[in-house]
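Below is one structure, written out as structure tokens; comments come after it.
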2 protein chains.
Amino acid sequence: MATTIYDVAKLAGVGLGTVSRVLNNSPAVRDSTRQRVQAAIRQLDYTPDPIARSMTRGRTGTLAVIIPFFTRPFSIEVLRGIEASTSRLGFELVVYNIENDAQRDDCFRRLPMSRKADGLLVVSVSPKDVFIPNFAQAQLPTILVDAYNPSITSVVVNNVDGSYAAMKYLLEKGHRRIGFINGQIEGNFKFNQANDRLIGVHRALGEAGINFEPELMEIGSWDRQGGRLASQRLLNLKNPPTAIFAASDVQALGTLETAKAMKLSVPRDLSIMGFDGIELSEWLELTTMQQPMYHMGELGMALLMEQIENPQKPPELIRLNTELVERSTIGSPKIRNEQ
Amino acid sequence: MATTIYDVAKLAGVGLGTVSRVLNNSPAVRDSTRQRVQAAIRQLDYTPDPIARSMTRGRTGTLAVIIPFFTRPFSIEVLRGIEASTSRLGFELVVYNIENDAQRDDCFRRLPMSRKADGLLVVSVSPKDVFIPNFAQAQLPTILVDAYNPSITSVVVNNVDGSYAAMKYLLEKGHRRIGFINGQIEGNFKFNQANDRLIGVHRALGEAGINFEPELMEIGSWDRQGGRLASQRLLNLKNPPTAIFAASDVQALGTLETAKAMKLSVPRDLSIMGFDGIELSEWLELTTMQQPMYHMGELGMALLMEQIENPQKPPELIRLNTELVERSTIGSPKIRNEQ
DNA sequence: TTGTACGCGTTATCAA
DNA sequence: TTGATAACGCGTACAA
């Protein structure tokens with residue numbers, strides 16, 4: 001049997017209320033008594049039972065994070081920021097990895113109601129409006145990171161401006177035929193990474209007076225394989241692009257693989273622009289549009305703490321910017337395709 | 001106020017014991033009663049409170065994993081295997097990341113006693129013997145992965161054989177002056193990754209009749225930076241090695257960076273062998289000794305489930321093997337250093 | 001400053 | 001088949 005607060009009280013010869021006060025550093029305990037209780041605690045090697053504690057306190061000391069594909073480089077970087085803040089603040093972290101829509105909906109339906117965590121960070125998935133009442137009713141402090149809902153404080157990057165700047169950079173290098181590999185557009189349309197990046201592409205093209213050619217856009221899964229397949233289709237076009245902009249670094253690296261397989265030299269024969277700024281992009285010298293991933297996680301946690309301390313805080317939307325990292329996968333096109 | 005089991009009982013016009021029975025699919029409930037109770041549950045949107053539940057049940061539905069530097073590629077791969085099993089089994093996962101000795105000891109001291117999880121997986125750190133009584137006393141089912149203690153079921157890779165085979169491969173390629181970059185040797189000596197890899201190196205060298213030259217061994221941190229610095233020292237030797245074997249892939253990649261900075265061509269001027277088989281090694285064409293990381297996590301979880309179901313199961317030691325992955329960072333030395 | 005009684009939501013036990 | 005009641009371990013209000 002585990003030792004309880006009663007055992008401590010008995011050994012110290014005090015009431016259990018006193019033990020509780022000592023445990024919580026209440027000033028209303030005589031010093032001599034405190035000493036005695038602490039000695040008993042040490043002697044019995046007593047630790048308050050966390051679940052019994054959360055029972056009465058209503059707090060669990062745990063923060064939950066819902067994150068899709070948590071082993072993807074992007075997720076990992078965000079998670080790194082989250083974990084650092086969490087452990088610094090003395091909370092424990094429970095991770096809900098989701099790999100499909102069923103898991104996602106399951107999380108959103110059940111988590112809010114189950115006082116299992118003191119706060120929730122949702123990364124990269126925007127909850128359907130259907131579930132918002134759950135959150136509101138459950139009073140579970142929640143922050144969205146790389147996701148958005150008007151009724152929940154959200155941290156997002158400006159994907160439109162980011163992809164606009166990425167395209168503009170390619171245009172300034174002289175490219176006129178630019179392939180665009182996007183990720184799947186799914187779910188929430190109020191904030192959708194893929195959709196926003198597409199809008200940025202359109203804007204840059206429009207400003208440059210270039211028509212958006214549908215054949216130059218390919219949609220693939222957000223991973224390496226998606227990039228590989230999409231780039232194959234693009235580069236097998238009769239009139240292939242001189243540059244490819246991929247909506248994620250892993251897709252860009254898949255493109256790099258395709259280029260290698262096709263004996264295309266990068267950036268001489270093909271320029272490649274990524275999006276995310278994962279560590280791998282650094283190793284492979286990929287020019288990319290960097291997202292502040294670690295900071296997003298950190299900031300999300302900071303906002304979550306605020307929300308926990310002040311649940312009445314109205315929702316806000318925080319936009320972070322991306323930053324171009326010039327490396328060596330982009331050059332000027334060999335043959336200018338002037339119109 | 002959240003709805004409780006009492007509310008359901010009142011609405012259904014039954015005692016709360018009956019509601020509990022319905023919740024637990026006890027057969028001892030008349031069908032008509034069951035219907036009525038279920039209707040009440042739906043109407044109230046009632047969910048049993050998990051913490052109140054674990055209070056009496058003694059189970060939490062949560063598994064804990066202690067893992068150092070969880071964002072390192074090796075840890076991530078193991079974690080991937082763990083997470084997959086965990087969620088498949090319907091458990092939740094709480095991650096304790098540790099970045100220093102204090103955090104490690106803290107975890108080992110406190111976690112066992114706090115019924116916060118139904119089981120514990122410890123990755124890459126062997127608990128000091130001091131803490132073993134804690135585990136035994138707490139009856140918390142525990143499995144060690146990439147770590148070892150005689151009184152706890154452990155899953156390890158055969159580091160000695162792995163590094164022996166890696167060295168042997170280099171020797172067979174004709175290398176005679178081989179630099180060895182090891183990680184820090186710390187903590188537990190009954191199972192220590194760095195120490196075991198060193199032993200394997202010694203054995204291979206011994207069999208080949210080559211003296212182990214201390215100047216050819218460098219110790220660095222387990223990361224990129226550690227590999228970079230160690231390889232600099234090695235390659236600045238009067239008589240530099242023709243090949244370098246690093247005890248981890250990231251150290252090997254740090255070595256690759258050094259080589260690049262020194263305008264050394266790999267593998268023409270320098271051969272490099274890694275250890276781990278992380279995804280990055282595939283991208284960078286690193287020849288390496290592959291560990292079954294994902295499988296280690298998966299297997300650890302399977303063993304943990306067995307341990308939970310049968311706490312009396314005696315500890316066992318499971319050894320997994322590594323596998324050489326030939327890629328393109330190893331060739332034969334330009335100038336044979338025959339003795 | 002200390003001790004006591006009660007409540008938290010659930011399950012197990014026992015009596016009906 | 002059902003209902004009432006006692007734990008589970010802790011915190012808190014309140015009484016002493």
Side-chain angles (χ1 to χ4, degrees), chain A residues 1-41 44-62 110 113-118 138-139, chain B residues 1-41 44-62 110 112-118 138-140:
Chain A
M1 206 52 232
T3 74
T4 78
I5 197 169
Y6 288 98
D7 302 326
V8 177
K10 207 188 303 170
L11 179 62
V14 299
L16 85 180
T18 308
V19 180
S20 172
R21 274 184 286 273
V22 172
L23 251 22
N24 294 287
N25 296 315
S26 158
V29 179
R30 196 185 303 149
D31 246 15
S32 60
T33 315
R34 182 185 303 275
Q35 303 283 328
R36 213 147 28 98
V37 172
Q38 280 166 340
I41 289 176
L44 264 40
D45 194 24
Y46 165 77
T47 323
D49 182 326
I51 39 183
R53 209 163 205 174
S54 40
M55 185 88 205
T56 42
R57 288 215 237 205
R59 285 176 290 117
T60 61
T62 299
R110 290 183 355 204
M113 311 308 293
S114 76
R115 311 176 307 174
K116 287 198 99 167
D118 299 342
Q139 312 238 54
Chain B
M1 208 49 232
T3 75
T4 77
I5 198 170
Y6 289 100
D7 302 326
V8 177
K10 207 188 302 168
L11 179 62
V14 299
L16 86 177
T18 308
V19 179
S20 175
R21 272 185 286 271
V22 171
L23 250 24
N24 295 289
N25 297 315
S26 159
V29 179
R30 197 185 302 151
D31 246 16
S32 60
T33 316
R34 183 186 300 277
Q35 303 283 328
R36 215 150 24 102
V37 173
Q38 279 167 342
I41 289 176
L44 264 40
D45 194 24
Y46 165 77
T47 322
D49 182 326
I51 39 183
R53 210 162 205 177
S54 39
M55 185 88 205
T56 45
R57 287 223 254 226
R59 284 176 291 117
T60 60
T62 299
R110 289 185 355 206
M113 310 311 292
S114 77
R115 311 177 308 172
K116 287 198 100 169
D118 300 341
Q139 311 240 53
L140 177 67

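In what follows, chains are A, B, ... by sequence order, proteins preceding strands, each numbered from 1. Here the structure is a predicted model, which is why all the values come from computation and not from measurement.
If you measure from atom CG of B:L23 to atom C1' of C:dT11, you get 11 Å, rounded to the nearest angstrom. Atom CZ in A:R59 sits roughly 11 Å away from atom C1' in D:dG11 (whole-Å rounding). The nearest whole Å value for the distance from the CG atom in B:D31 to the P atom in D:dT2 is 10 Å. Atom CG in A:D7 sits roughly 11 Å away from atom C1' in D:dG9 (whole-Å rounding). In this structure, the NZ atom of A:K10 is 13 Å from the P atom of C:dT4, given to the nearest Å. Rounded to whole Å, the distance from CD1 on B:I51 to P on C:dT11 is 14 Å. The separation between A:R36 atom CZ and C:dG3 atom P is 8 Å, rounded to whole Å. If you measure from atom CZ of A:R57 to atom P of D:dG9, you get 17 Å, rounded to the nearest angstrom.
For A:T18, taking side-chain heavy atoms from C-beta onward, the closest of the listed nucleotides D:dG9, C:dG3, D:dG11 is C:dG3. In the set D:dT2, C:dG9, D:dC10, D:dC10 carries the atom at the smallest distance from any side-chain atom of A:D49. For A:T33, the listed nucleotide lying nearest its side chain is C:dT1; candidates were D:dG3, D:dG9, C:dT1. Nearest nucleotide to the B:M55 side chain, out of D:dG3, C:dT11, D:dC8: D:dC8. When each of D:dG11, C:dT2, D:dT2 is scored by its nearest atom to the side-chain atoms of B:V29, the top-ranked nucleotide is D:dT2. The side chain of A:T56 approaches C:dG7 more closely than any other nucleotide in the set C:dG3, C:dT10, C:dG7. Comparing D:dG3, D:dT1, C:dT1 by their closest approach to the side chain of B:R21 singles out D:dG3. Comparing C:dG9, D:dT2, D:dC10 by their nearest atom to the side chain of B:T4 picks out C:dG9.
Heavy-atom neighbours of A:R57 CZ from other residues, nucleotides or ligands within 6.0 Å: above the threshold of 12.
Close to D:dG9, at under 4.0 Å from its OP1 or OP2, lies no side-chain N or O of A:R53. The side chain of A:Y46 contributes an N or O atom lying less than 4.0 Å from OP1 or OP2 of D:dC10.
Judged by distance alone, the side chain of A:R21 and the main-chain N or O of A:V29 form no donor-acceptor pair under 3.5 Å. No donor-acceptor distance shorter than 3.5 angstrom exists from the side chain of B:N24 to the backbone of B:S26, with no hydrogens or angles considered.
With rounding to the nearest 0.5 Å, the separation of CG in A:D49 from CD1 in A:I5 is 11.0 Å.
The 5' end of DNA chain C is approached more closely, in terms of each residue's nearest nucleotide, by A:S32 than by the other of A:S32 and B:P48. In this structure, A:G13 and B:S20 both approach DNA chain C, and ranking their closest nucleotides by distance from the 5' end singles out A:G13.
Within the nucleic acid shown, A:L16 comes within 4.0 Å of at least one base atom, counting heavy atoms only.
The side-chain contact (heavy atoms from CB on, under 4.5 Å) test with A:V8 is passed by exactly one of A:L23, A:V22, A:V14, A:V19: A:V19.
Nearest heavy atoms, A:D7 versus A:T3: OD2-CA, 3.2 Å.
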